[in-house]
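Heads up: numbering here begins at 1 and tracks the sequence. Both backbone and side-chain heavy atoms feed into the values below; hydrogens, waters and symmetry mates do not.
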Amino acid sequence: MVTTRVEWDSLSEDTRRAVEARTGPLSRVKSVSSGFNSELAAVLHSAGKTTFVKGLRAEHPRVWTQRREKAVNPHVLPVTAALQWSVDTDEWSLLAFEHVPGRHIDYSPSSPDLAKFVTSLRTLQELPCPDIELKFAEKRWANYSDDPELFKGEHLLHTEWSPSNVLVDDKALFVDWAWATRGAAWIDPACWVVWLIASGHSPEEAEKWAAQVPSWNDAPTDAVAAFAAAQADLWSEIAEVDPEPWITGMAAAARRWSAHRRA
């Protein structure tokens, strides 16, 4: 699940030259270790400019996620960092975003960040779903549900609420749109519930936060229960393949939420 990182200095001269044609000569490069989906992640410093660059090798099986992020970006600018430029070579697919201030979100029960997340998620849910290629919720989770049509909808969803995908300063910004999906609006707060439980909330407390997003309160009870069960099966499957502590923690949180929903 986690992609191995590549250092900037290991890139070919041609690739680095293609980047510097857009940034100007670089004075400093700082690698970024957080996040799971990129082989390259770095903050590039040049004269009067700071840029965050992420990328995958051209032959990487998930290189399509780069194209997805590029397509989504102009439609979600109220809640994300703006794409500055992109580079596609025979070796790499690279995306460069404005460098925004902030730290990774804190999901713990006493965190003041939670209210900022809710505000940004409300904003996202008011944005129209663009007419671009996206995952479909009813297909994405079809292997984990007997009735995935319950997840169908016409809203743009982020779905990947790892703390490394949410930057907080004066507001919460959502980054890494690799798994953007079209589906029922309540799915985004539902995905958030699992992260909240893994961060120390009880299922009841997590759902109270989700209830601050209007779409959650309109969600059919059977659909939410089916989605909770699907999340439990999905995370348990991931944990069997890659039993890192944070993944097993997510699997336990998803099972706990599903049990709460069944009860």
Check: Where do Asn217 and Val213 come nearest, in terms of heavy atoms and distance?
Finding: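 The answer is ND2-O, 3.7 Å.
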Check: Going only through I, L, V, M, F, W and Y residues with side-chain contacts under 4.5 Å, is there a path from Leu95 to Phe52?
Finding: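 Leu95 clusters together with Phe52.
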Next item on the list: I would like to know whether Leu114 and Leu196 meet side chain to side chain contact (heavy atoms under 4.5 Å, CB included); could you show each step before the answer?
Entry: CA-CA 10 Å; Leu114 302 178; Leu196 291 179; 3.9 Å; yes
Margin query: I want to check something: taking the side chain as every heavy atom from C-beta on, are Arg182 and Leu157 in contact at a cut-off of under 4.5 Å?
Written below: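 No, every pair of side-chain atoms sits at 4.5 Å or beyond.
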Notebook entry, point to check: Side chains of Val72 and Leu134: closer than 4.5 Å at any heavy-atom pair?
Noted result: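 Yes. Closest side-chain heavy atoms under 4.5 Å.
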Margin query: Any heavy-atom pair between the side chains of Val43 and Val29 that's under 4.5 Å?
Written below: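 Result no, sub-4.5 Å side-chain heavy-atom pair not found.
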Next item on the list: Scan side-chain atoms only and decide if Glu237 and Tyr144 contain a donor-acceptor pair under the 3.5 Å cut-off.
Entry: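 The answer is yes; a qualifying pair exists.
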Next item on the list: Report yes or no: does Lys30 contribute a side-chain atom to a donor-acceptor pair with the main-chain N or O of His45 at less than 3.5 Å?
Entry: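 Pair absent, no side-chain N/O of Lys30 close to backbone of His45.
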Next item on the list: Could I get the full list of side chain to side chain contact (heavy atoms under 4.5 Å, CB included) partners for Pro130, not counting sequence neighbours?
Entry: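 With sequence neighbours excluded, Pro130 shows a side chain to side chain contact (heavy atoms under 4.5 Å, CB included) to His75, Ile132, Leu156, given in chain and number order.
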Check: Is there a side-chain contact between Trp92 and Val87, using heavy atoms and a 4.5 Å cut-off?
Finding: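 The answer is no, as the side chains (C-beta and beyond) never meet within the 4.5 Å cut-off.
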Item checked: CZ-CZ distance between Arg140 and Phe151, expressed to the nearest 0.5 angstrom ->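 One gets 11.5 Å once the value is rounded to the nearest 0.5 Å.
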Notebook entry, point to check: Roughly how far, to the nearest 0.5 Å, is CZ of Arg62 from OG of Ser93?
Noted result: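 Nearest 0.5 Å value for the OG-CZ distance: 13.0 Å.
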Note to self: Nearest 0.5 Å, please: how far is CG in Leu56 from CD in Gln66?
What the structure shows: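 Interatomic distance, Gln66 CD to Leu56 CG, rounded to 0.5 Å: 4.5 Å.
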Notebook entry, point to check: Is Trp64 reachable from Leu83 through a run of I, L, V, M, F, W or Y residues, each pair having side-chain heavy atoms under 4.5 Å apart?
Noted result: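 Different clusters.
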Margin query: What verdict does the side-chain hydrogen bond (donor to acceptor under 3.5 Å, both in side chains) test give for Ser12 and Glu91, after you've listed the backbone C-alpha separation in whole Å, the side-chain angles of each residue and the deciding distance to 0.1 Å?
Written below: CA-CA 9 Å; Ser12 71; Glu91 297 177 295; 2.5 Å; yes
Notebook entry, point to check: With side chains defined as the heavy atoms from C-beta onward, is the minimum distance between Trp141 and Ile187 less than 4.5 Å?
Noted result: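 With C-beta onward as the side chain, the pair touches.
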Check: In this structure, are over 12 heavy atoms from other groups packed under 6.0 Å from Asp146 atom CG?
Finding: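 Open.
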Next item on the list: Measure across Thr65 and Ala178 and return the closest heavy-atom pair with its distance rounded to 0.1 Å.
Entry: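 Of all heavy-atom pairs spanning Thr65 and Ala178, the closest is CB-CB, 3.6 Å.
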Check: Going through the checks in order, is the side chain to side chain contact (heavy atoms under 4.5 Å, CB included) test met by Lys135 and Arg68?
Finding: CA-CA 10 Å; Lys135 292 280 186 181; Arg68 181 67 43 80; 3.9 Å; yes
Checklist line | Asp14 side, atom CG; Thr89 side, atom OG1 - distance, nearest 0.5 Å | finding: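 One finds 8.5 Å between CG of Asp14 and OG1 of Thr89.
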Margin query: Among residues at least two apart in sequence or on other chains, which ones pass side chain to side chain contact (heavy atoms under 4.5 Å, CB included) with Leu150?
Written below: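 Partners of Leu150 under the side chain to side chain contact (heavy atoms under 4.5 Å, CB included) test: Asp147, Asp222, Ala223, Ala226.
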Check: Does atom NZ of Lys116 have more than 12 heavy-atom neighbours, drawn from other residues, nucleotides or ligands, at distances under 6.0 Å?
Finding: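 Enclosed.
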Item checked: From CZ (Phe136) to OG1 (Thr181), nearest 0.5 Å ->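 Spacing of CZ (Phe136) from OG1 (Thr181) equals 10.0 Å.
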Notebook entry, point to check: For Thr23, which residues count as a side chain to side chain contact (heavy atoms under 4.5 Å, CB included) partner, sequence neighbours excluded?
Noted result: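 Only Val19, Glu20, Leu26, Leu44, Ser46, Trp85 meet the side chain to side chain contact (heavy atoms under 4.5 Å, CB included) criterion with Thr23.
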Notebook entry, point to check: Do Thr51 and Gln84 get their side chains close enough for a donor-acceptor pair, meaning under 3.5 Å?
Noted result: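 Short answer, no.
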Checklist line | Carboxylate-amine/guanidinium proximity below 4.0 Å for Asp88 and Arg67 | finding: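 Looking at Arg67 together with Asp88, the answer is no, because their closest N to O distance does not fall below 4.0 Å.
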Check: Okay, side chain of Asp106, backbone of Ser111: is any donor-acceptor separation there less than 3.5 Å?
Finding: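 The answer is no, because no donor-acceptor pair under 3.5 Å joins these two groups.
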Notebook entry, point to check: Can a salt bridge be assigned to the pair Arg17 and Glu13 using a cut-off of 4.0 Å between side-chain N and carboxylate O?
Noted result: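 Result for this pair is yes, salt bridge flagged.
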Item checked: Nearest heavy-atom neighbours spanning Val100 and Ala81 ->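 Answer, listing the atom of Val100 first, then Ala81: CG1-CB, 3.9 Å.
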Margin query: If hydrophobic clusters are built by linking Ile, Leu, Val, Met, Phe, Trp and Tyr wherever their side-chain heavy atoms come under 4.5 Å apart, do Leu234 and Val194 end up in the same one?
Written below: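 Shared cluster, yes.
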Next item on the list: Run the salt-bridge test on Lys54 and Asp176 with the 4.0 Å N-O cut-off and return the result as yes or no.
Entry: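 Between Asp176 and Lys54 there is a salt bridge, with a charged N closer than 4.0 Å to a carboxylate O.
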Notebook entry, point to check: Can you name the nearest heavy-atom pair linking Gln125 to Pro189, along with the distance?
Noted result: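 Closest pair (atom of Gln125, atom of Pro189, distance): NE2-CD, 3.9 Å.
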Next item on the list: Side-chain contact test, heavy atoms from C-beta onward, threshold under 4.5 Å: evaluate it for Phe97 versus Asn73 and give yes or no.
Entry: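 Yes, side chains in contact.
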Next item on the list: Please name the pair of heavy atoms, one in Asp242 and one in Ile247, separated by the smallest distance, quoted to 0.1 Å.
Entry: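 That would be O-CD1, 3.4 Å.
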Check: Which heavy-atom pair separates Cys129 from Glu154 by the least distance, and what is that distance?
Finding: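 Minimum heavy-atom contact is CB-O, 3.3 Å.
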Next item on the list: Mark yes or no for whether Gln212, through its side chain, and Val118, through its backbone, hold a donor-acceptor pair below 3.5 Å.
Entry: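 No, the answer is negative, given that no donor and acceptor are paired below the 3.5 Å cut-off.
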Margin query: Quick check on ring-ring contact (aromatic ring centres under 6.0 Å, His included): which of Trp209, Trp195, Phe174 does Phe117 satisfy it with?
Written below: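 Only one option passes, and that is Phe174.
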Next item on the list: Go through the steps for Ile105 and Ser164 under the test side chain to side chain contact (heavy atoms under 4.5 Å, CB included), then give the verdict.
Entry: CA-CA 7 Å; Ile105 195 166; Ser164 63; over 6 Å; no
Notebook entry, point to check: Between Glu39 (side chain) and Arg57 (backbone), is there a donor-acceptor pair under 3.5 Å?
Noted result: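 Yes; at least one donor-acceptor contact below 3.5 Å.
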Notebook entry, point to check: How far apart are the C-alpha atoms of Asp113 and Tyr107, what are their side-chain angles, what is the distance that settles it, and do they pass the side chain to side chain contact (heavy atoms under 4.5 Å, CB included) test?
Noted result: CA-CA 7 Å; Asp113 297 348; Tyr107 284 147; over 6 Å; no
Note to self: Within this structure, what is the CG-CH2 distance for the pair Leu121 and Trp216, rounded to the nearest 0.5 Å?
What the structure shows: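 Answer rounded to 0.5 Å: 11.5 Å.
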Note to self: Take a 6.0 Å sphere around CD of Glu133 and say whether it holds more than 12 heavy atoms from other residues, nucleotides or ligands.
What the structure shows: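 Open: at most 12 neighbouring heavy atoms sit under 6.0 Å from CD of Glu133.
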Item checked: For Thr119, side chain to side chain donor-acceptor pair (under 3.5 Å) partners two or more places apart ->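 Scan of Thr119 (side chain to side chain donor-acceptor pair (under 3.5 Å), adjacent residues dropped) gives none.
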Next item on the list: Determine, using the 4.5 Å side-chain heavy-atom cutoff (strictly less than), whether Val193 and Trp246 are members of one ILVMFWY cluster.
Entry: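 Yes.
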Check: So, Glu138 side chain and Pro148 main chain: donor-acceptor pair closer than 3.5 Å or not?
Finding: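 Not at all, since once roles are kept as given, no pair shorter than 3.5 Å links the two residues.
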Next item on the list: Tell me, please, which residues at least two apart from Asn143 pass side chain to side chain contact (heavy atoms under 4.5 Å, CB included).
Entry: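 Result, side chain to side chain contact (heavy atoms under 4.5 Å, CB included) vs Asn143: none returned.
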Could you give the side-chain donor-acceptor pairs of residues 249-260 under 3.5 Å, partners two or more places apart or in another chain?
{"residue": "Arg255", "atom": "NH1", "partner": "Ser236", "partner atom": "OG", "Å": "3.0"}
{"residue": "Trp257", "atom": "NE1", "partner": "Glu207", "partner atom": "OE2", "Å": "2.8"}
{"residue": "Ser258", "atom": "OG", "partner": "Arg262", "partner atom": "NH1", "Å": "3.2"}

Margin query: Contact between Asp233 and Ser145 at the side-chain level, heavy atoms closer than 4.5 Å - yes or no?
Written below: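 No; the side chains remain at least 4.5 Å from each other.
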Checklist line | Donor-acceptor contact present, side-chain Asp188 to main-chain His158, <3.5 Å | finding: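 Such a contact is found between Asp188 side chain and His158 backbone.
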Notebook entry, point to check: Would you say the side-chain atoms of Ser10 pair up with the backbone N or O of Glu7, donor to acceptor, closer than 3.5 Å?
Noted result: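 Here the side-chain-to-backbone pair exists.
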